[in-house]
Every structure is written in C-alpha cells, then in structure tokens.
Q: 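Below is the structure I would like to discuss, written out as structure tokens.
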Amino acid sequence: MDKEKRTDIINKFKLRKGDTGSTEVQVALLTDRINQLTGHMAANRHDYHSQRGLLKLVGQRRRLLAYLSKQDIDRYHKLIAKLSLRK
C-alpha cells in the first residue's frame, strides 16, 4: 500500500482531526490489506506464508470488529455498511 492510498483511507474513516488509530481506521486499513492479499492468493495458491499472514489479518480485523460492536453498536453498523463487509 502506498502512502497516498493509506492517507486517503485514514481521511475517509477518521473520527476527528489527527485520528490515525481509531478502531474504524484500523479496520479500514486491515480490510484494504486483506483485499490485496486475497487477490495475491487467487494467483498464487501455494504461497502458504502469505496465506498465514492473511489469516492473521482476518483474525485481527475480527477482534477489532467484536470490540467495536461491544463498545458502540451504531459505529459498528456504520462501519460494516461503509466497508460492505456483511451481505
């Protein structure tokens, strides 16, 4: 991920000025990285090291989403709608 794309994602999901570490920003960055790795795994099925990294990222995102749903369910619903994570 290049710096421009990262700052674009941060600006899109930040809660206030200077926010780079809120749960929404972290989940958005993880989702972008997961989408990149999913494309890589489609082309390279036997890359097991990247597969393990992908599974770790998915687990980390799942934990962050669980935390957010316990803290503020409205923010959780807005985030999953914005990222279109659930169908």
Side-chain angles (χ1 to χ4, degrees):
M1 179 182 328
D2 58 347
K3 189 173 182 178
E4 294 170 0
K5 188 170 186 178
R6 183 177 175 89
T7 55
D8 182 43
I9 291 172
I10 290 171
N11 288 331
K12 195 175 188 182
F13 289 94
K14 67 182 178 181
L15 299 176
R16 60 196 164 280
K17 184 181 178 204
D19 179 19
T20 59
S22 67
T23 307
E24 288 88 345
V25 172
Q26 290 181 51
V27 170
L29 290 172
L30 284 171
T31 300
D32 185 62
R33 184 71 181 127
I34 287 168
N35 291 338
Q36 288 177 356
L37 276 174
T38 302
H40 171 77
M41 291 306 299
N44 303 290
R45 293 186 56 210
H46 297 289
D47 188 357
Y48 299 114
H49 292 83
S50 293
Q51 183 178 11
R52 182 173 189 270
L54 175 63
L55 291 175
K56 286 177 69 82
L57 290 175
V58 168
Q60 185 176 359
R61 182 180 69 179
R62 192 188 77 231
R63 287 190 302 274
L64 284 169
L65 286 171
Y67 167 78
L68 187 61
S69 70
K70 290 177 188 174
Q71 296 299 315
D72 191 351
I73 196 72
D74 292 330
R75 283 174 45 199
Y76 170 77
H77 287 301
K78 287 178 188 174
L79 181 64
I80 62 172
K82 204 169 189 182
L83 290 173
S84 65
L85 291 177
R86 305 284 188 264
K87 294 187 179 185

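Treat the numbers as computed from the prediction; the structure is a model and nothing was measured.
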Q: According to side chain to side chain contact (heavy atoms under 4.5 Å, CB included), who are the partners of Ser22, at least two apart in sequence or on a separate chain?
A: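 Counting only residues at least two positions away or on another chain, Ser22 forms a side chain to side chain contact (heavy atoms under 4.5 Å, CB included) with Leu15, Asp19, Glu24, Val25.
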Q: So if you build clusters from Ile, Leu, Val, Met, Phe, Trp, Tyr with side-chain heavy-atom gaps below 4.5 Å, do Ile73 and Leu65 land together?
A: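 Result: yes, single cluster for both.
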Q: Starting at NZ of Lys3, measure out to CD1 of Ile10 and round the result to the nearest 0.5 Å.
A: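 Output value for this atom pair is 10.0 Å.
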Q: Indicate if Tyr76 and Tyr67 have the same hydrophobic cluster label, given that clusters are the connected sets of ILVMFWY residues with side-chain heavy-atom separations under 4.5 angstrom.
A: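 The answer is no; the residues belong to distinct hydrophobic clusters.
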Q: So, using side chain to side chain donor-acceptor pair (under 3.5 Å) as the criterion, who are the partners of His49 when residues are at least two apart?
A: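 Testing His49 for side chain to side chain donor-acceptor pair (under 3.5 Å), a comparison that skips the adjacent residues, returns none.
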Q: Can you list everything that forms a side chain to side chain contact (heavy atoms under 4.5 Å, CB included) with Asp8? Sequence neighbours excluded, please.
A: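 Result, side chain to side chain contact (heavy atoms under 4.5 Å, CB included) vs Asp8: none returned.
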Q: Looking at Ser69 and Ala66, would you say the former's side chain and the latter's main chain have a donor-acceptor pair under 3.5 Å?
A: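 The answer is yes, because a donor-acceptor pair under 3.5 Å joins these two groups.
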Q: Out of curiosity, Leu54 CG to Thr38 OG1, how far, rounded to the nearest 0.5 Å?
A: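 Interatomic distance, Leu54 CG to Thr38 OG1, rounded to 0.5 Å: 5.0 Å.
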Q: Leu37 and Leu55: same hydrophobic cluster, using ILVMFWY side-chain contacts below 4.5 Å?
A: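 No, separate clusters.
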Q: Got a sec, which pairs hit salt bridge (Lys or Arg N to Asp or Glu O under 4.0 Å) with one end in residues 60-71, sequence neighbours left out?
A: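 Qualifying pairs: none.
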Q: Might you work through the side-chain contact (heavy atoms from CB on, under 4.5 Å) test for Arg75 and Leu68, ending with a clear yes or no?
A: CA-CA 7 Å; Arg75 283 174 45 199; Leu68 187 61; 3.6 Å; yes
Q: Looking at every non-hydrogen atom in both residues, tell me the closest pair between Gly21 and Gln26 and how far apart they are.
A: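 Closest pair (atom of Gly21, atom of Gln26, distance): O-NE2, 2.6 Å.
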Q: Mind checking whether Phe13 and Lys82 have side chains closer than 4.5 Å, heavy atoms only?
A: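 Contact flag for Phe13/Lys82 side chains = yes.
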Q: How would you list all residue pairs meeting salt bridge (Lys or Arg N to Asp or Glu O under 4.0 Å) that involve residues 29-57, not counting sequence neighbours?
A: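 Sorted pair list: Lys5-Asp32.
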Q: Report the residues that fulfil side chain to side chain donor-acceptor pair (under 3.5 Å) with Asp72, sequence neighbours left out, ordered by chain and then residue number.
A: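 In terms of side chain to side chain donor-acceptor pair (under 3.5 Å), with neighbours along the sequence ignored, Asp72 is linked to no residue.
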Q: Could you give the distance from OG1 (Thr31) to CG (Leu83), rounded to the nearest 0.5 Å?
A: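 Between Thr31 OG1 and Leu83 CG, I get 4.5 Å after rounding to 0.5 Å.
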